[in-house]
Amino acid sequence: MRRTHQCGQLSTDSAGARVILQGWVNRRRDLGGLVFVDLRDRSGLVQVVIEPDSATFGDMEVVRSEFIIEVQGIVRLRPKEQRRVRLSESEGLDTGVIEVVAEKLTVLAEAQTPPFLIDGTVDASEVDEELRLRHRYLDLRRPEAAHPLLLRHRITKAIWDYLDSEGFVQVETPLLTLSTPEGARDYLVPSRTEPGSFYALPQSPQLFKQLLMMAGFDRYFQLARCFRDEDLRADRQPDFTQLDIEMSFVEQEDILALSEGLMHHLIREVLGRELALPFQQISYREAMDRFGSDKPDLRNPFELSDLSAAFSNTEFRAFRGALEAGGVVRALALTGTRLSRRELTQLEEVAKRRGAKGLAWVQFDGSAPKGPIAKFLGEAEVGALQALVPEGGTVLLVADSWTTACTALGAIRTEIPAVIGVELDDCALSFCWVVDFPLLEVEADGTFSYMHHPFTRARDEDLPLLETDPARVRAWAYDLVLNGNEIGGGSLRIHRHDVQSRMFELLGFTQEEAERRFGFFLRALDYGAPPHGGIAWGLDRLIMILAGASSLRDVIAFPKNQRGIDPLTGAPAPVEQEQLKELGLELRPTVGEGT
RNA sequence: GGAGCCGUAGUGUAGCGGUUAGCAUAUCUGCCUGUCACGCAGAAGGUCGCGGGUUCGAAUCCCGUCGGCUCCGCCA
């Protein structure tokens, strides 16, 4: 290796040293008789000065931004009046006080003018994101773009260290595996050796990690790549990374405690902050009741309340209809806040998007209620409403089924801070657990589907309900929530063949179907499966929040755009006819160009 | 599958019925020995995403389409 230092390593201590640096030209300032170059590598920037009497002065002529050059020279303190405490944003580096006087300058690689400025003078948000992703290798030269990846590295390092010290074993599970029904859409990979058959890329290593427990691996983890062929969002990529954890002979509290310990370690290591443990636990029911969400953001001060009783004799037809249909009247009280018509309309849109038929509102500016529904309100109802906003303000109301009313107001609750101009503390790390999820969800057609996944264990005391009232059965399932984002979820698993079969049955699988899809797994259960459970963290999302990013794309080296296309490589792309033939595949003429 | 926002030199933007399509920055040339977003002078650079329509006249208005982003559905 020729280089003796990295740019950012140099400091006043290096003064007088002869160094060889290699890096990119961040900027060039040509004063005619004197040329300055800011040289950049991963460690930071340092100023190189080429003096007119230098033998290498002429070499500078051709050098442009983003050329890669080697500079041999002497480090010296800058003239006193020319010292800059900080030239770069890189923490604490004081290369602004020194410079490298070039004795020899060699161009290692020329570079075209980049399609967007990457010298730190333009903020990334001002450049079209697609352009940046198409040239991601240029984008990542910017320290701000590279930062989330460096943070990511430190986070995964902390995870490895902590789990290793806790006796966990990292095991890799296959990427080419079996498609299992339901859940998300699978990515399929055709088999050449078994024409007509397909692998699926794993949506998660769920069954493999359970098999590892049956194999006696006690404590397992993996930074597992997972694949789900669903539409993308700012916080959803088709291939993403889970921290997958599974433990044997444990109960729910053991897994929560392990997760908390790990999170505490991680936050201390990468942010130098101390988390208060344990995290608050909120039941699913309570989370929905109070926050209208199963991933409540506890930084948000507003809460929902129930006014079903107060409106039991209401004359307001829309509310009475909802109550008679077995629904509820729920409210979101905004003490001291008045909203404009325009804002109320905007919020009503939010409620409607979540299935509410409308959004009612009442404002108190004294004791008289104002708003379109005020004239339908009896004295008791006005009293109940006013009790929610004793100092005046707005009450937003939705009457509907419990789920719809809670969800709609929950969505509004999330919007409120932005609407009324209150900022949630973005430095806060507000963790909580949501626990006691229902085992099952009732579909529109009245059938049951699992809420978490079909391997989730029901709470023992709720088991009798499976026959009488399955919707009320609670699961040993939990989600980890950070600032209103679901960043992890897990459960205790079924470890008995008979219980697992019963679960499949309940979910509408015929015995034959269950055998065909999960036979290998049911057989494994017959050979002695320990009680076990685990959790999977959405690693990308966690990093996104800790990096202060607003999109998963910022924390993934080479992300895909909203249509699942990688703007850099252009994937996915058509393949040669020959490749299809080998796989025994034929494209329908209407599909793609199919070259 | 659906809704919304956005597409103008390399980049970021102004212009919103008649402009030689403006500005900044980058690029190129010249000058410049202490700059650090160097400065100064000059030059080049535009199918106004694409197609159609309205109009005497369209970057501008209308329709369609393509692309990007955000959201709903979907994501055990």
Side-chain angles (χ1 to χ4, degrees), chain A residues 26-39 45-54 57 64-66 78-88 95-97 99 101 112-135 138 180-186 203-204 206-207 226-238 240 346 349-355 407 411 414-415 437 439-441 443-444 448-456 475 477 479 486 489-491 503 507 536 538 550-551 553 561-563 565 567:
Chain A
N26 194 61
R27 280 186 84 85
R28 181 187 118 108
R29 289 177 295 280
D30 183 351
L31 276 60
L34 194 64
V35 182
F36 296 98
V37 164
D38 294 336
L39 195 65
L45 292 174
V46 70
Q47 174 169 282
V48 174
V49 56
I50 300 96
E51 298 185 317
D53 52 351
S54 157
F57 190 77
R64 292 293 180 273
S65 288
E66 299 309 315
R78 295 187 188 188
K80 260 211 175 63
E81 62 281 8
Q82 300 298 336
R83 292 176 191 168
R84 292 289 167 110
V85 177
R86 282 172 79 187
L87 181 67
S88 70
T95 63
V97 181
E99 63 191 359
V101 190
Q112 285 185 14
T113 304
F116 54 95
L117 284 174
I118 54 182
D119 59 8
T121 58
V122 173
D123 194 73
S125 63
E126 290 174 36
V127 180
D128 179 59
E129 188 183 21
E130 214 223 343
L131 185 72
R132 290 194 288 117
L133 293 183
R134 217 159 59 221
H135 302 274
L138 296 178
T180 49
E182 310 230 15
R185 209 173 285 114
D186 281 322
Q203 296 180 24
S204 85
Q206 184 59 36
L207 291 175
C226 303
F227 306 86
R228 293 177 189 177
D229 186 5
E230 297 293 346
D231 287 353
L232 284 75
R233 290 282 190 286
D235 63 351
R236 265 161 43 189
Q237 284 270 311
F240 61 101
Q346 186 189 334
E349 278 310 306
V350 173
K352 283 182 170 170
R353 236 184 284 143
R354 299 306 177 105
T407 310
T414 303
E415 294 292 323
F437 276 88
L439 183 69
L440 300 162
E441 211 168 16
E443 296 290 305
F448 291 106
S449 71
Y450 45 83
M451 192 133 177
H452 185 58
H453 60 48
F455 315 102
T456 303
D479 278 356
E486 182 196 330
S491 63
M503 183 71 178
L507 294 171
S550 52
S551 166
R553 294 185 293 273
N561 72 9
Q562 200 184 34
R563 291 200 303 166
I565 293 166

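Lettering of chains follows the sequences in order, A, B, ..., and the numbering in each one begins at 1.
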Say you pick atom [atom1] in [N] and the same atom in [M]; how far apart are they, in whole Å?
{"N": "B:C61", "M": "B:G67", "atom1": "C1'", "value": "23 Å"}
{"N": "B:A37", "M": "B:U54", "atom1": "C1'", "value": "47 Å"}
{"N": "B:U27", "M": "B:U70", "atom1": "P", "value": "31 Å"}
{"N": "B:C48", "M": "B:U11", "atom1": "P", "value": "15 Å"}
{"N": "B:A21", "M": "B:G45", "atom1": "C1'", "value": "14 Å"}
{"N": "B:U29", "M": "B:A44", "atom1": "P", "value": "15 Å"}
{"N": "B:G64", "M": "B:A3", "atom1": "P", "value": "11 Å"}

With A:Glu129 as partner, the option from A:Leu131, A:Leu133, A:Val127 fulfilling side-chain contact (heavy atoms from CB on, under 4.5 Å) is A:Leu133

Closest approach to the side chain of [X], judged atom by atom: which nucleotide of [options] is it?
{"X": "A:Ala184", "options": "B:C75, B:U33, B:C36", "result": "B:C75"}
{"X": "A:Arg27", "options": "B:G68, B:C38, B:C75", "result": "B:C38"}
{"X": "A:Pro79", "options": "B:G1, B:G34, B:U27", "result": "B:G34"}

With a 6.0 Å cut-off (strictly less than), is the heavy-atom count around CD of A:Gln112, excluding the residue itself, greater than 12?
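Counting other residues, nucleotides and ligands, CD of A:Gln112 stays at 12 neighbours or fewer.
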
Distances under 3.5 Å only, N/O to N/O: pair up the protein atoms with those of nucleotides 5-13 of chain B.
from  : atom 1 : to       : atom 2 : distance (Å)
B:G10 : O2'    : A:Pro115 : O      : 3.0
B:U11 : O4'    : A:Pro115 : O      : 3.4
B:G12 : OP1    : A:Asp128 : N      : 2.8

* Could you tell me which nucleotide pairs with B:C56 by Watson-Crick or G-U wobble geometry, both distances under 3.5 Å, or answer none if nothing does? =>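 B:C56 is paired with B:G18.
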
For B:C69, the nucleotide meeting Watson-Crick or G-U wobble distances (both under 3.5 Å) is B:G4

note: A:Asp231, atom CG; B:C71, atom P; distance rounded to Å ~ 12 Å

With a 4.0 Å limit, can you tell me whether A:Arg563 has a side-chain N or O closer than that to the phosphate oxygens OP1/OP2 of B:G68?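 A:Arg563 to B:G68 OP1/OP2: side-chain N or O found under 4.0 Å.
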
inquiry  = Under 3.5 Å, is there any donor-acceptor pair linking the side chain of A:Arg236 to the base of B:C75?
reply    =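 Answer yes: a donor N or O sits under 3.5 Å from an acceptor.
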
